[in-house]
Amino acid sequence: MATQRLGLIMHGVTGRMGMNQHLIRSICAIRAQGGVTLSNGDRVMPDPILIGRNAEKIEALAKAHGIERWGTDLDRALENKDDTLFFDAGTTQMRPTLLAKAIRAGKHVYCEKPIATNLNEAVEIARLAQGSGLKHGAVQDKLFLPGLRKLDMLRRAGFFGRMLSVRLEFGYWVFEGDLQPIQRPSWNYRKEDGGGMILDMMCHWRYVLDNLFGEVQSVSCIGATHIPKRWDENGQPYEATADDAAYATCELRGHGGEPVIAQLNMSWATRVRRDDLVTFHVDGTDGSAVAGLSSCRAQSRVATPRPVWNPDEKQTMNFLDQWQEIPDSQTYDNGFKIQWEHFIRHVVENAPYKWTLPEGAKGVQLVEAALESWQDRRWIDVPELNI
């Protein structure tokens, strides 16, 4: 077996997501396991250079994880012909510009979502990538969660029969910062800095809905800023200008052509009383299932109990105990790492890969449709996106 090097420029990895999920749990983990195995048995070893604005911070991060190369000059890094792949997890506002610069420098590109803050920029960068002949991809990590992979297995097995509806519950309480320290960056709650629940999460729900339940056809959405005042990392109060919650209904065209209704509740101002921080409840004619990040429970048609509505007596049924746990049929690796391995194989040996920048643009399309629905207080159609 031979091992080949893959030069990788990683930008924006001092932030929470870029550092934890992409650098430490993906690239560092891949390096620790000896690289990515190709179809012929050869291995690919990522050789990253970390690029950021703060030299002291980026140097400390590199040394902490045994990475020899780091710097603050992105243009110089892009000039290096030996580094062929560019990754960005920086700010959404800068992403289209950075991706375009990397593509014009002849680099394959991979990036966090959203790929842009508006649909025009998303389509423009997707078209540039498509026309370049280079490889490109956008993070769609939720598809690789164990819970959703089990849910997809049930779907592919025909467990649901005709799928009827999906109910998504997402969120938790993000501390305001006055009494308890914040656990999410303050920019998430400033619209001018690219914050907002709809921009952040509707991109995720688009690819989850399209791939698991049916293509989005239309959306009705209302957003809210439930907590108007928050405190930042330095303990300074600021006005929250971005939506911290959203409530949407989507019409889907199911994989068999049948209509499916999806209800999406998402909030950073809710306290959790459910199995996980996100749950997907799917109902079908032949069965139902509820999946979280890791677990999935199902109830078939023939095992469905017969509850009786009686408000005059205390409920004796324990509904939570009436569901069957779907067992772990394999060992599930980190979802971000799995998609990194797919993309590296795509770059090196042209392995099939469908999570491209045009797919990322679809997420931004749903964001804009949801925002338009909120503003106009009406249903918005989501047409096929031509890239």
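Between R76 and D73 there is no salt bridge, since no side-chain N of the basic residue sits under 4.0 Å from a carboxylate O of the acidic one. Between D243 and K191, no side-chain nitrogen of the basic residue sits less than 4.0 Å from a carboxylate oxygen of the acidic one, so the salt-bridge criterion is not met. E258 has no carboxylate O lying under 4.0 Å from a charged side-chain N of R162, or vice versa, which leaves the two without a salt bridge. Ion pairing of R69 with D83 is present here, as a side-chain N (NZ or NE/NH1/NH2) and a carboxylate O approach within less than 4.0 Å. One finds a salt bridge joining R378 and E372 here, because a Lys/Arg side-chain nitrogen approaches an Asp/Glu carboxylate oxygen to under 4.0 Å.
A donor-acceptor pair under 3.5 Å links the side-chain atoms of N20 to the main chain of R16, judged by distance alone. The backbone N or O of L134 lies less than 3.5 Å from a partner atom in the side chain of S132, making a donor-acceptor pair. In this structure a side-chain-to-backbone donor-acceptor pair under 3.5 Å is missing from R190 to E192. The backbone N or O of D232 sits nowhere less than 3.5 Å from a side-chain atom of S186 that would complete a donor-acceptor pair.
Enclosure of atom CD in E384 is not indicated, since only 12 or fewer non-hydrogen atoms of other residues, nucleotides or ligands lie within 6.0 angstrom. With a 6.0 Å radius and a threshold of 12 heavy atoms from other residues, nucleotides or ligands, Q324 has its CD atom at or below the threshold. For E56, the CD atom is loosely surrounded, since the number of other residues' heavy atoms within 6.0 Å does not exceed 12.
Distance CD/Q365 to CE/M202: 11.0 Å, rounded to 0.5 Å. Between the CG atom of L38 and the CZ atom of R43 there is a distance of 9.5 Å, given to the nearest 0.5 Å. Considering OG1 of T97 and CD1 of I125, their distance stands at 8.0 Å, rounded to 0.5 Å. With rounding to the nearest 0.5 Å, the separation of CG in D141 from NZ in K113 is 8.0 Å.
No continuous path of hydrophobic side-chain contacts links W374 to I227 [ILVMFWY only; heavy atoms under 4.5 Å]. Under the 4.5 Å side-chain heavy-atom criterion for grouping Ile, Leu, Val, Met, Phe, Trp and Tyr, W340 is connected to I338 within one hydrophobic cluster. Taking hydrophobic clusters as Ile, Leu, Val, Met, Phe, Trp and Tyr residues chained together by side-chain heavy-atom distances below 4.5 Å, Y110 does not share a cluster with L357. By the rule that hydrophobic residues join a cluster once side-chain heavy atoms approach within less than 4.5 Å of another member, L164 and F159 end up as members of separate clusters.
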**Item:** Steps toward ring-ring contact (aromatic ring centres under 6.0 Å, His included) verdict (W355, H342)
**Value:** CA-CA 10 Å; W355 307 288; H342 280 299; 5.4 Å; yes
**Request:** With side chain to side chain donor-acceptor pair (under 3.5 Å) as the test, would you mind laying out the steps for S218 and E251 before giving the verdict?
**Result:** CA-CA 5 Å; S218 59; E251 293 181 317; 2.6 Å; yes
**Asked** Does the ring-ring contact (aromatic ring centres under 6.0 Å, His included) test come out yes or no for H22 and F336, once each step is laid out?
**Response** CA-CA 7 Å; H22 292 287; F336 290 86; 5.1 Å; yes
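You'll find the ring centres of W205 and F170 inside the 6.0 Å limit. Outside the 6.0 Å centre-distance limit, the rings of Y189 and W187 are not counted as a close aromatic pair.
In this model, no donor atom of one side chain and acceptor atom of the other lie less than 3.5 Å apart for Q263 and S165.
Of the options V216, N211, V367, a side chain to side chain contact (heavy atoms under 4.5 Å, CB included) to R206 is made by V216 and by none of the others. Applying the side chain to side chain contact (heavy atoms under 4.5 Å, CB included) test between D244 and each of M266, R230, M197 identifies R230 as the sole match. Put simply, the residue from L85, N80, L74 that forms a side chain to side chain contact (heavy atoms under 4.5 Å, CB included) with I9 is L74.
The aromatic rings of H346 and F343 sit tilted relative to each other, their planes meeting at an angle between 30° and 60°.
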